[in-house]
Amino acid sequence: MLTVADIMTCPVMQLHEGNTLHDAHYITRHRGIRHLPVVNKDTQKIIGVVTQKSLIAKVMSLMVLYGNEALEQHEKQTNIMEVAVCDFDTVKAEETIQEVAPFFLRNKHGCLPVVDDDNHVIGIVTSTDFVNLSMMLIDKLERLES
């Protein structure tokens, strides 16, 4: 059986509670990352998740309030915890794909941070990981059929 560990992305780019919206926006633009776990700087335990949706909503809000010219200044003044989703779900690496996929679909999640028993982020599973898995399985089926 396939587990989350088999498809998750790791290592994971992370933020801590001292980072800003500007830091997150920069990472998402330049690294092509859509979801960023936020961890406590001291304990390294996950405390939030910056999703693409939460980031875009905050950036758009700042643009409406202050204009495009002042966006960068206000991004630098916005603590990441104002953007992070603090009511989030996590998953364990040993959980099976069959257990996780329905939850992913039912809750419309774009990502689930993968944590160990101490709530430290060890990976992330995203909708892209599931698409990649689907492509791999389709390729295997096509090879079997030929």
Side-chain angles (χ1 to χ4, degrees), residues 1-140:
M1 289 204 136
L2 284 174
T3 66
V4 169
D6 294 320
I7 69 165
M8 71 183 188
T9 301
C10 58
V12 179
M13 176 74 66
Q14 301 174 25
L15 300 171
H16 61 80
E17 70 275 12
N19 284 114
T20 66
L21 172 59
H22 183 263
D23 299 327
H25 199 177
Y26 179 86
I27 291 168
T28 60
R29 277 192 317 249
H30 296 289
R31 298 263 179 115
I33 297 171
R34 296 182 302 144
H35 311 286
L36 294 162
V38 181
V39 299
N40 178 280
K41 193 173 187 175
D42 297 324
T43 66
Q44 294 300 302
K45 293 182 181 198
I46 188 167
I47 57 174
V49 179
V50 175
T51 65
Q52 183 178 36
K53 183 178 177 180
S54 66
L55 185 130
I56 290 171
K58 187 64 174 182
V59 168
M60 295 304 292
S61 168
L62 291 175
M63 284 180 67
V64 167
L65 287 171
Y66 305 108
N68 194 38
E69 298 76 30
L71 178 61
E72 185 174 352
Q73 172 193 344
H74 288 281
E75 283 184 340
K76 288 179 179 179
Q77 296 170 349
T78 303
N79 182 275
I80 200 60
M81 294 309 294
E82 292 179 42
V83 182
V85 175
C86 295
D87 181 21
F88 59 93
D89 296 295
T90 61
V91 67
K92 301 286 187 187
E94 61 274 6
E95 290 185 57
T96 68
I97 298 304
Q98 290 86 342
E99 294 170 316
V100 174
F103 177 82
F104 221 90
L105 289 172
R106 217 176 18 257
N107 295 291
K108 308 282 191 233
H109 285 303
C111 75
L112 283 170
V114 183
V115 298
D116 63 16
D117 290 335
D118 295 320
N119 250 5
H120 296 127
V121 177
I122 58 170
I124 194 164
V125 64
T126 68
S127 54
T128 300
D129 296 317
F130 277 97
V131 171
N132 287 334
L133 174 62
S134 298
M135 290 173 53
M136 181 190 74
L137 294 174
I138 290 168
D139 185 52
K140 281 187 178 190

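Numbers here are sequence positions counted from 1.
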Flag side-chain contact, heavy atom, 4.5 Å: [X] against [Y]:
X      : Y     : result
Phe103 : Val91 : no
Gln52  : Thr28 : no
Met13  : Leu36 : yes

Distance (rounded to the nearest 0.5 Å) between [X] [atom1] and [Y] [atom2]:
X      : Y      : atom1 : atom2 : result
Thr78  : Leu62  : OG1   : CG    : 5.0 Å
Asp139 : Ser134 : CG    : OG    : 12.5 Å
Leu65  : Leu71  : CG    : CG    : 11.0 Å
Ile27  : Asn19  : CD1   : CG    : 6.5 Å
His74  : Leu21  : NE2   : CG    : 11.5 Å
Phe88  : Ile46  : CZ    : CD1   : 4.0 Å

request  = Show your reasoning for whether side-chain contact (heavy atoms from CB on, under 4.5 Å) applies to Thr20 and Glu75.
outcome  = CA-CA 7 Å; Thr20 66; Glu75 283 184 340; over 6 Å; no

ask   = Ignoring hydrogens and geometry, is there a side-chain-to-backbone donor-acceptor pair from Glu95 to Lys92 under 3.5 Å?
value = yes

inquiry  = Using only atom types and a distance under 3.5 Å, with no angle test, would you say the side chain of Ser54 pairs donor to acceptor with the backbone of Ala84?
reply    = no

What residues form a side-chain hydrogen bond (donor to acceptor under 3.5 Å, both in side chains) with [X], not counting sequence neighbours?
X      : answer
Asn40  : Thr43
Asp129 : Thr9, Thr126
Arg29  : His25
Asp87  : none

request  = List in chain and number order the residues that pass side chain to side chain contact (heavy atoms under 4.5 Å, CB included) with Leu2, two or more places apart in sequence or in another chain; answer none if no residue qualifies.
outcome  = Asp6, Ile97, Leu133

message = Tell me every residue that passes side chain to side chain contact (heavy atoms under 4.5 Å, CB included) with Glu69, counting only those two or more places apart in sequence or in another chain.
response = none

State, to 0.1 Å, how close [X] and [Y] come at their nearest heavy-atom pair, and which atoms those are.
X      : Y     : result
His16  : Ile80 : O-CG2, 3.5 Å
Gly123 : Cys10 : CA-CB, 4.1 Å
Val38  : Met81 : CG1-SD, 3.7 Å

message = Around atom CE of Met136, are there more than 12 heavy atoms from other residues, nucleotides or ligands closer than 6.0 Å?
response = yes

My understanding is that only residues two or more places apart in sequence, or in another chain, count here; which of them pass salt bridge (Lys or Arg N to Asp or Glu O under 4.0 Å) with [X]?
X     : value
Lys41 : none
Lys53 : none
Glu72 : Lys76
Glu82 : Lys58

With a 3.5 Å cut-off and sequence neighbours excluded, list the donor-acceptor pairs that the side chains of residues 110-117 form with protein atoms.
residue : atom : partner : partner atom : Å
Asp116  : OD1  : Asp118  : N            : 2.9
Asp116  : OD1  : Asn119  : N            : 3.1
Asp116  : OD1  : His120  : N            : 2.9

inquiry  = According to ring pair (Phe, Tyr, Trp, His ring centres under 6.0 Å), does anything in residues 34-61 pair up with another residue at least two apart or in another chain? List the pairs.
reply    = none

